[in-house]
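Please read these numbers as outputs of a predicted model, since none were measured by experiment. Note that these values count all heavy atoms, side chains included, but never hydrogens, waters or copies made by symmetry.
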Amino acid sequence: MMKALVYGGPGIKAWKSVAKPEILKKTDAIVKTLATTICGSDLHILKGDVPETPIGTILGHESIGEVSEIGSDVKNFKVGQKVIVSCITSCGDCYYCKKDLQAHCLDGGWNLGHDIDGTQAEFVRIPHADHSLYPAPNGVSNESLLMLSDILPTSNEVGVISASIEKGDVVAIVGAGPVGLSALLNAKVREPSQLIMIDMDNTRLELAKRLGATSVINPKDTDPLTVINSLTQDVTKKPGVDVAIECVGIPQTFQTCQDIIAPGGRIANVGVHGKKVDLQLQELWIKNVRITTGLVSAYSTPALLKNVTDGKLKPEVLVTHRFKLDQFEEAYDVFSKPTETGAIKVLVEA
């Protein structure tokens, strides 16, 4: 037996004893959790927004751990090895995996904590271990390694890469939550000329400035379009941002991206939208604007890991609170009230 955070239906969760996972297929590995965390999608499940998640599922899709058991066909990992668990399970062989669309793997994708037991437990079974785990190098903090499970590849692939950020671009990120701040860290590596953060929480805007934002805008205090037009006055081009990255997932923030984008600009939607938005195509088409969306595939994790080990990325700053596994319910309470607690990402350690 082991302890795990179990989904009991909308609004119900419990840290309780459950059966320890076993190897079900030759490509599986069992990983002992060293540290895990909570994602906004876990909160969505608890609210009942993800009805396909079965009652009784162990939540979570991010962790680092130690391999405790491997199936006979696992070749790339050994018992005792420290690993990063990817939020996306990848078979490595199907049409989608070969196109770096592992999110749509025919025998994987977002499985952990969604339709199979996840990482918020003392042990977790990882299908297709050879393609769903990454070796954790020595000398890198657990805080940094844990951010490589989901938040860094999500903001990088769906935000920075999709938006084709180039050196010298003017970039605006709408939403200074965990993913937005992660997008800021990833975008900074590409050396934009301006990094503008837009959010309604002044505490998070202050953190964004410390992490490298050149300007911050609170829509409660001032109109983002007016400020951005002022920041981007240039006789050689029209005002607006080259890249707008949406990291909230509500109609108002997507509208902000449409308002501030310059001709030839790129809007990268990272936020998870629960209802329809208005697409201002009648205004965007003539501006040659490109819009992208997506679900993380985690194909960029090795490159991000190199940026972390080289010191170009320092994601440990995103961890604001620390707990032990048996404090999981308290961790959820803190993470779900960021305005009160100042939580960005929580670290839950064994």
Side-chain angles (χ1 to χ4, degrees), residues 155 158-160 162-293 338-339 342 344:
S155 62
V158 190
V160 172
S162 290
S164 303
I165 295 177
E166 298 177 356
K167 184 176 181 179
D169 277 345
V170 177
V171 177
I173 300 169
V174 184
V179 173
L181 292 170
S182 179
L184 173 68
L185 294 177
N186 277 316
K188 208 168 86 169
V189 174
R190 298 205 172 196
E191 301 180 24
S193 61
Q194 294 191 60
L195 259 174
I196 304 163
M197 182 65 79
I198 303 172
D199 197 271
M200 298 176 72
D201 186 317
N202 286 326
T203 300
R204 288 188 168 186
L205 290 176
E206 285 299 319
L207 176 57
K209 285 199 286 188
R210 294 199 299 272
L211 296 183
T214 56
S215 304
V216 297
I217 302 170
N218 188 328
K220 292 191 294 185
D221 301 330
T222 186
D223 175 45
L225 180 58
T226 301
V227 177
I228 284 172
N229 282 346
S230 174
L231 290 170
T232 56
Q233 288 293 335
D234 187 331
V235 295
T236 65
K237 58 188 291 193
K238 295 179 180 179
V241 300
D242 301 302
V243 171
I245 302 178
E246 200 285 335
C247 294
V248 182
I250 60 175
Q252 297 94 318
T253 49
F254 186 75
Q255 182 61 53
T256 296
C257 292
Q258 295 181 87
D259 292 339
I260 64 177
I261 200 71
R266 290 88 69 196
I267 297 174
N269 186 91
V270 184
V272 178
H273 289 267
K275 54 185 173 182
K276 67 179 182 179
V277 301
D278 289 326
L279 177 64
Q280 308 301 334
L281 196 57
Q282 75 282 359
E283 296 175 7
L284 297 176
W285 76 269
I286 202 168
K287 293 172 72 174
N288 293 80
V289 169
R290 189 177 84 208
I291 301 173
T292 57
T293 66
T339 303
I344 301 296

Listing request: all salt bridge (charged side-chain N to carboxylate O under 4.0 Å, His left out) pairs with a residue in residues 263-276, at least two apart in sequence or in separate chains.
Asp169-Arg266

Spacing of OG1 belonging to Thr293 relative to CZ belonging to Phe254, to within rounding of 0.5 Å
9.0 Å

Are side-chain heavy atoms of Ile245 and Ile165 found at a separation under 4.5 Å?
yes

Nearest 0.5 Å, please: how far is NE2 in His273 from CD in Glu246?
4.0 Å

Measuring from Ile228:CD1 to Gln233:CD, what's the distance to the nearest 0.5 Å?
12.5 Å

Here the pair of heavy atoms bringing Gly177 nearest to Asp199 is N-OD2, 4.3 Å

Smallest heavy-atom separation, Gly175 atom then Val248 atom, equals CA-CG2, 3.5 Å

Return the minimal non-hydrogen interatomic distance between Ser193 and Val170, and the atom names on each side.
OG-CG2, 3.6 Å

Taking Thr226's backbone N and O only, do any of them form a donor-acceptor pair with Ser230's side chain (distance below 3.5 Å, no angle check)?
no

State the NZ-OG distance between Lys209 and Ser215, to the nearest 0.5 angstrom.
9.5 Å

Nearest-0.5 Å distance that lies between atom OG in Ser164 and atom CG in Asp242
11.5 Å

Looking at side-chain heavy atoms only, is the closest gap between Val179 and Ser155 below 4.5 Å?
yes

State whether the side chain of Arg204 and the backbone N or O of Ile344 hold a donor-acceptor pair below 3.5 Å, judged by distance alone.
no

Between Val160 and Ala183 the two heavy atoms that sit nearest each other are CG2-O, 4.0 Å

Search all heavy atoms of Leu184 against all heavy atoms of Leu195 and return the closest pair with its distance.
CD1-CD1, 3.5 Å

So, does Gln280 use its side chain to make a donor-acceptor pair with the main chain of Gln258 at under 3.5 Å?
no

Note, Leu207 side chain near Thr203 side chain (heavy atom, < 4.5 Å):
no

4.5 Å side-chain heavy-atom contact, Met197 and Leu181
yes

Do Val243 and Glu166 come close enough that some side-chain heavy atom pair is under 4.5 Å?
no

Are more than 12 heavy atoms from other residues, nucleotides or ligands located less than 6.0 Å from atom CG of Asp278?
no

Quick one: are Glu206 and Val216 in side-chain contact, heavy atoms under 4.5 Å?
no

Please report the C-alpha distance between Leu284 and Ile291 in whole Å, then the side-chain angles of each, then the deciding distance to 0.1 Å, and finally whether the side chain to side chain contact (heavy atoms under 4.5 Å, CB included) criterion is met.
CA-CA 10 Å; Leu284 297 176; Ile291 301 173; 3.9 Å; yes

Note, Asp221 side chain near Asn202 side chain (heavy atom, < 4.5 Å):
yes

Heavy-atom nearest pair, Ala268 first then Gly159, reads CB-O, 3.7 Å

Do Pro219 and Ile198 have side chains that approach each other closer than 4.5 Å (heavy atoms only, starting at C-beta)?
yes

When rounded to the nearest 0.5 Å, the distance separating CD1 of Ile267 from CD1 of Ile261 is 5.0 Å

